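Okay, so here's the structure we're looking at.
No experiment lies behind these values; they were computed from the predicted model shown.
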Amino acid sequence: MNKKVKEAAHILIDLALKDDVGDGDITTNNIVPSEIRRKAKMVAKTDGVVAGLPVAEMVFKKLDHDLIWNELTPDGTKVKSGDVLVEFEGSYRALLTGERTALNFLQRLSGIATMSAKYADAVKGFQTVILDTRKTLPGFNKLDKYAVKTGGASNHRHGLHDMAMIKDNHIEVAGGITAAVNAVRSSVDHGIKIEVETTTLAQVQEAIDAKADIIMLDNMDLETMRQGVELIAGRAKIEASGNITLERLRDVAATGVDYISIGALTHSVSAMDISQRIED
């Protein structure tokens, strides 16, 4: 987990604890003596890929600086139901107060990593790389994309600032793909990639002529995709997107595209079932 992801995690954890704990855990603080310490563990209740254990640790350490944390399955590990992910020890109050916040982060990120692993595994044997999209939970962009990479897929652009994506509305305003590409290229740094979204083979040809770096084949059927790949013939990277399910993933990869972008990796993910157990 790099520095930027950790910084984003700290901001989100502070917001989450303020939202959940507020002025204090009135149940725990009035029942559990402050001096008691306990051991605990987190256990997978379904099969999946772990992501977010460092974030869970950050949650508890904000409540107990003396927390002892021993990860048994580092992020990226494929686990089975019943596997112990981490053992830890700290203030009993901290373990109870931070439990839900820590699990909310860990379950979401592990769900994303698990989904990403399924899609990445499905295209093994092809050159195709599975990409995420910007369809992340607002504020969770860096964490969601960290979980995607942890699961074995890759990141598309992180935001509107690091790559140009020319879509139908941009094309309409500019007066065509060529004009849109030229407008961006004349203004941005040479290292910024330019991608053009296309829905027809005529648009694909115009994007080729405009020397786009990446050409997206959006919502095309398999035969049109194959024709698009043949037309591009290596002159640009090719991304397939739109209405791509796990069931038809290998058929899309077999057309020869370089990338397949999947919004479902982050916007339709199911949280992985993980529980926290405190020892007597």
Side-chain angles (χ1 to χ4, degrees), residues 115-136 145 148-149 151-160 162-186 188 190-268:
M115 177 82 81
S116 299
K118 287 180 181 178
Y119 276 84
D121 288 346
V123 296
K124 282 185 176 177
F126 292 99
Q127 67 174 5
T128 310
V129 174
I130 299 297
L131 299 177
D132 57 20
T133 69
R134 286 172 47 243
K135 296 174 183 177
T136 54
K145 286 179 174 286
V148 167
K149 291 190 72 174
S154 298
N155 297 148
H156 205 300
R157 59 178 179 165
H158 282 262
L160 300 174
D162 60 352
M163 178 179 166
M165 172 79 78
I166 298 173
K167 298 189 176 186
D168 53 354
N169 292 323
H170 303 116
I171 294 167
E172 181 181 353
V173 171
I177 289 174
T178 302
V181 171
N182 289 340
V184 174
R185 183 167 283 124
S186 65
V188 301
H190 180 70
I192 298 292
K193 299 291 185 183
I194 300 175
E195 179 168 1
V196 176
E197 178 184 274
T198 65
T199 57
T200 67
L201 293 177
Q203 287 186 325
V204 170
Q205 184 61 61
E206 188 177 356
I208 294 169
D209 294 339
K211 294 183 171 54
D213 299 297
I214 306 169
I215 298 174
M216 178 194 291
L217 309 180
D218 187 44
N219 280 292
M220 292 184 181
D221 59 53
L222 291 173
E223 180 55 34
T224 307
M225 278 189 199
R226 278 190 283 268
Q227 292 177 33
V229 171
E230 290 176 6
L231 188 61
I232 294 166
R235 288 175 286 181
K237 291 294 185 180
I238 308 168
E239 175 187 340
S241 184
N243 193 33
I244 297 174
T245 62
L246 192 59
E247 291 71 27
R248 65 189 293 258
L249 197 65
R250 289 185 67 83
D251 289 336
V252 175
T255 65
V257 297
D258 299 291
Y259 309 112
I260 301 175
S261 55
I262 310 289
L265 298 185
T266 52
H267 76 59
S268 299

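- Of the N and O atoms on the side chains of Ser261 and Ser241, at least one donor lies less than 3.5 Å from an acceptor on the other residue.
- Here Thr245 pairs with Glu247, Arg248 under the side-chain contact (heavy atoms from CB on, under 4.5 Å) rule; sequence neighbours left out.
- A search for side-chain contact (heavy atoms from CB on, under 4.5 Å) contacts involving Ala120 returns nothing, not counting sequence neighbours.
- Take Glu197 and apply the side-chain hydrogen bond (donor to acceptor under 3.5 Å, both in side chains) test, not counting sequence neighbours, and it matches no residue.
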Please output the side-chain donor-acceptor pairs of residues 125-135 that fall under 3.5 Å, not counting sequence neighbours, one pair per line with the distance.
from, atom 1, to, atom 2, distance (Å)
Gln127, NE2, Gly256, O, 2.8
Thr128, OG1, Val257, O, 3.0
Asp132, OD1, Lys145, NZ, 2.8
Asp132, OD1, His156, N, 2.8
Asp132, OD2, Lys145, NZ, 3.3
Asp132, OD2, Asn155, ND2, 2.7
Thr133, OG1, Lys135, N, 3.0

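- Applying the side-chain contact (heavy atoms from CB on, under 4.5 Å) test to Asp213 and every residue at least two apart in sequence or in another chain returns Arg185, Lys193, Ile194.
- Arg226 pairs by the salt bridge (Lys or Arg N to Asp or Glu O under 4.0 Å) definition with Glu223, not counting sequence neighbours.
- Listed by chain and number, the residues in a salt bridge (Lys or Arg N to Asp or Glu O under 4.0 Å) with Glu172 amount to none (sequence neighbours excluded).
- Partners of Thr224 under the side-chain hydrogen bond (donor to acceptor under 3.5 Å, both in side chains) rule, at least two apart in sequence or in another chain, are Asp221.
- The side-chain hydrogen bond (donor to acceptor under 3.5 Å, both in side chains) test applied to Asp162 returns no partner, not counting sequence neighbours.
- By the side-chain hydrogen bond (donor to acceptor under 3.5 Å, both in side chains) test, Asp121 is found to be paired with Lys78, Lys124, residues two or more places apart in sequence or in another chain being considered.
- Legend: residues meeting side-chain contact (heavy atoms from CB on, under 4.5 Å) with Glu230, ordered by chain and number and at least two apart, are absent.
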